[in-house]
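To start, the structure itself, in structure tokens.
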There are 2 protein chains.
Amino acid sequence: MSKELSERKKKILHALVDVYIATGQPVSSADIQKGYMPEVSSATIRAELSALEALGYVDQPHTSAGRIPLKPAYQLYVGDIEHNGAGALTDEETAFIRKKFADKLSEVRDISKRAAEIISDVTNYTSFAVSSRGGNVMLDEIKLVPLKDGKVLVLIVTDEGIIADKTIDVEGGVKHGYIETATRMLNNVFAGRRVGELEGMDLDSELTAETDAFRDIFDAVLAIIQTYVAEHTDDVVVEGALKMLDYPEYNNVEDAKNFLAVISDHDSVSELLAGDEDSIEFSVRIGKEDSGVDKCAIITAAYKVGDEVVGRAGVIGPERMDYKKVIGVLDYMKKALGTVLDNDKEDE
Amino acid sequence: MSKELSERKKKILHALVDVYIATGQPVSSADIQKGYMPEVSSATIRAELSALEALGYVDQPHTSAGRIPLKPAYQLYVGDIEHNGAGALTDEETAFIRKKFADKLSEVRDISKRAAEIISDVTNYTSFAVSSRGGNVMLDEIKLVPLKDGKVLVLIVTDEGIIADKTIDVEGGVKHGYIETATRMLNNVFAGRRVGELEGMDLDSELTAETDAFRDIFDAVLAIIQTYVAEHTDDVVVEGALKMLDYPEYNNVEDAKNFLAVISDHDSVSELLAGDEDSIEFSVRIGKEDSGVDKCAIITAAYKVGDEVVGRAGVIGPERMDYKKVIGVLDYMKKALGTVLDNDKEDE
DNA sequence: TGCTAGCACTCATTAACTCCGACTGCTAAC
DNA sequence: GTTAGCAGTCGGAGTTAATGAGTGCTAGCA
């Protein structure tokens with residue numbers, strides 16, 4: 001893009017994307033003239049379109065067809081939206097969202113899920129939510145509960161509730177005082193830390209001669225926490241995966257299958273989102289190649305509690321998606337989620 | 001079916017289903033003659049097919065096409081398999097299955113999931129597993145663990161491990177001796193029972209004046225258990241849902257979407273299986289109407305530990321599926337699963 | 001110089017038609 | 001009861017023609 005486009009070119013491009021999003025069909029010069037600029041003739045628009053084609057903004061499927069937008073056109077369009085503000089939601093929509101968030105949800109995972117549901121329902125696209133908090137969960141306390149047969153239940157209590165429970169066998173049975181001593185030692189080492197810190201922890205440097213007798217239980221606890229971190233970093237929820245099949249872009253089984261395979265695999269979804277800096281509030285990516293979901297656009301928004309980004313949620317849809325609406329919804333959800341999460345925080 | 005079919009008719013029918021399963025195309029009289037009965041002419045087979053058509057076993061898509069089997073033909077075919085024994089698995093297949101079950105899985109849910117994976121991988125159809133144990137889980141013990149701020153953690157220990165943990169607030173704080181007394185009373189009422197018994201339990205009849213002071217905690221525990229039962233009866237796992245899209249029967253997006261919608265909704269899957277008596281070892285249902293998955297056949301097998309049916313697993317595929325193989329696999333899995341589950345039992 | 005009206009041209013889409021070949025059903029002979 | 005042979009049926013593939021949406025270009029006008 002060496003040079004700024006003329007105002008008129010921009011207007012035409014915007015109109016073209018608008019119409020194309022609505023219809024999915026190549027847009028003719030007459031379409032644009034009728035709906036957007038009756039003050040000039042279609043021939044003039046044709047001349048401009050011809051120029052835009054040379055600049056790589058639009059394409060013609062064949063000689064006697066209208067134009068379809070290319071990626072740069074979408075990018076310009078999206079840039080305009082972000083600049084001028086997104087489409088406001090209707091009253092019904094905001095009411096719907098508030099209602100859905102009315103009943104209290106305690107677990108972060110539930111909130112993610114609910115958010116993804118709402119986004120998918122309101123936009124009618126496939127949505128997802130990824131909570132990235134994972135490693136930042138704070139270990140409050142470790143509890144040991146003796147069970148029968150020399151087994152001990154280990155509970156790991158965090159600021160998000162109990163993240164894991166697991167029974168372990170204690171070598172040689174549970175002797176008197178064992179529980180109390182072990183609990184104290186474990187909490188000395190683990191309590192007050194963030195689970196992320198423990199990723200590559202070297203237990204040897206933490207343990208003294210005194211604690212070495214409890215080596216087994218230390219190992220077990222560490223393993224539990226590490227498993228938790230591995231499983232819960234980038235916890236992914238996808239909602240409305242089948243909605244994509246309603247759009248003609250995915251009206252063939254081959255593509256549909258591909259899409260569903262990617263979207264059902266949480267690792268792939270995480271990868272799709274990789275590279276988004278936490279600092280970016282909105283990210284719009286159009287037609288990401290070799291991801292298995294080319295022909296798609298992905299819009300994500302970062303959600304914060306205070307200053308900390310706790311997750312991203314977003315929409316994946318056809319390139320010609322209703323960007324105005326989607327960005328509007330994600331923006332509203334940002335506020336709504338902020339409130340829900342903050343309230344939740346206070347309650348604890 | 002007023003009268004037994006002649007041997008030759010049966011043979012022709014069997015051949016027809018065989019070929020149709022392999023090719024998915026209408027089968028001509030010549031196909032049957034070539035592959036299965038070169039001793040008679042195709043004209044003879046045509047005459048027999050004509051008779052079979054009159055009897056409702058086969059159909060002709062149009063005048064100049066071969067025949068395709070109808071439900072009664074499949075049923076006869078499946079009956080033969082069950083009678084004559086299913087196709088044996090290849091050595092690679094049994095090795096594959098054994099390998100997959102090699103690493104120990106502790107939770108019933110994990111075993112279900114693994115079983116579904118195996119079945120889907122070996123057969124190449126969509127599979128599912130439903131553990132119906134649900135209500136039969138035995139309550140071993142209830143543990144109360146005091147946490148800070150007057151909260152108490154309730155742990156419900158069953159013969160399947162800890163089924164639920166939840167923190168509750170205790171009115172007026174946790175007084176000295178409260179934990180011990182409450183634990184004893186709770187266990188008096190709940191320990192040793194099956195969770196299913198507690199479905200519509202009337203607490204009033206169980207409580208005495210003495211226990212009435214602990215009414216709150218009784219209510220809480222009962223609620224936890226009931227939630228668990230509601231969530232865990234008919235725990236459903238589906239694997240390889242997308243495999244169905246490989247079959248030409250589901251080569252259009254509309255049908256594919258329908259299928260996926262049904263199969264992704266665990267309640268619908270449960271419903272599909274409803275009506276199978278636990279006592280039935282194998283159930284084959286072909287083309288179940290108004291279920292959203294007509295054009296499908298569903299084969300399920302019951303899995304037992306000792307004499308108790310702990311779940312069903314099965315395959316859902318196109319009507320023309322490889323019944324021999326599927327029944328063979330399910331049968332083998334029956335033994336394999338029996339072993340896994342029994343071992344597991346002994347370990348506890 | 002920029003805009004526009006008008007026209008010739010292009011090309012996807014659809015419908016109508018034909019041809020081919022895969023099967024069957026029927027019949028007459030064995 | 002079986003079979004060879006043949007006429008008849010019908011779907012699918014390929015061809016052609018008609019349609020119409022939309023463009024690019026050009027000549028004339030402000």
Is B:L5 close to B:Y57 at the side-chain level, that is, under 4.5 Å between some pair of heavy atoms?
yes

Let me know the distance between CG of A:D59 and P of D:dG22, rounded to the nearest Å.
16 Å

Expressed as a whole number of angstroms, how long is the span from A:E53:CD to D:dC25:P?
11 Å

Under the side-chain hydrogen bond (donor to acceptor under 3.5 Å, both in side chains) test against A:R46, which residue among A:S28, A:S29, A:S41 passes?
A:S29

Closest approach to the side chain of B:V40, judged atom by atom: which nucleotide of D:dT3, D:dG24, C:dC11 is it?
D:dT3

Would a 4.5 Å heavy-atom cut-off, applied to side chains only, mark B:T44 and B:R8 as touching?
yes

Could you pick out which residue, B:H62 or B:A43, lies toward the 5' side of DNA chain D when each is mapped onto its nearest nucleotide?
B:A43

Under 4.0 Å, counting only non-hydrogen atoms across every strand here, what does B:Q25 touch: a base, just sugar-phosphate, or nothing?
nothing

List the steps, then state whether side-chain contact (heavy atoms from CB on, under 4.5 Å) holds for A:Y125 with A:C296.
CA-CA 11 Å; A:Y125 295 108; A:C296 282; over 6 Å; no

Short N/O separations, protein against nucleotides 22-24 of chain C, under 3.5 angstrom:
| unit_1 | atom_1 | unit_2 | atom_2 | d |
| --- | --- | --- | --- | --- |
| C:dC23 | O4' | B:S64 | O | 3.1 |
| C:dT24 | OP1 | B:S29 | N | 3.0 |
| C:dT24 | OP2 | B:S29 | OG | 2.6 |

Whole-Å distance separating the CD1 atom of B:I45 from the C1' atom of D:dG1:
15 Å

Could you tell me the separation between the CD1 atom of A:I32 and the P atom of D:dA21, rounded to a whole number of Å?
18 Å

Sugar-phosphate, base or nothing in reach of B:E39, heavy atoms under 4.0 Å:
sugar-phosphate

Given D:dT2, is OP1 or OP2 found less than 4.0 Å from the side-chain N or O atoms of B:R8?
yes

Could you state the NZ-C1' distance from B:K9 to D:dG1, rounded to the nearest angstrom?
12 Å

Check whether NZ of the Lys or CZ of the Arg A:K257 lies under 6.0 Å from the centre of the six-membered ring of B:Y250 and within 45 degrees of that ring's axis.
no

Between A:D121 and A:K243, is there a salt bridge with N-O shorter than 4.0 Å?
yes

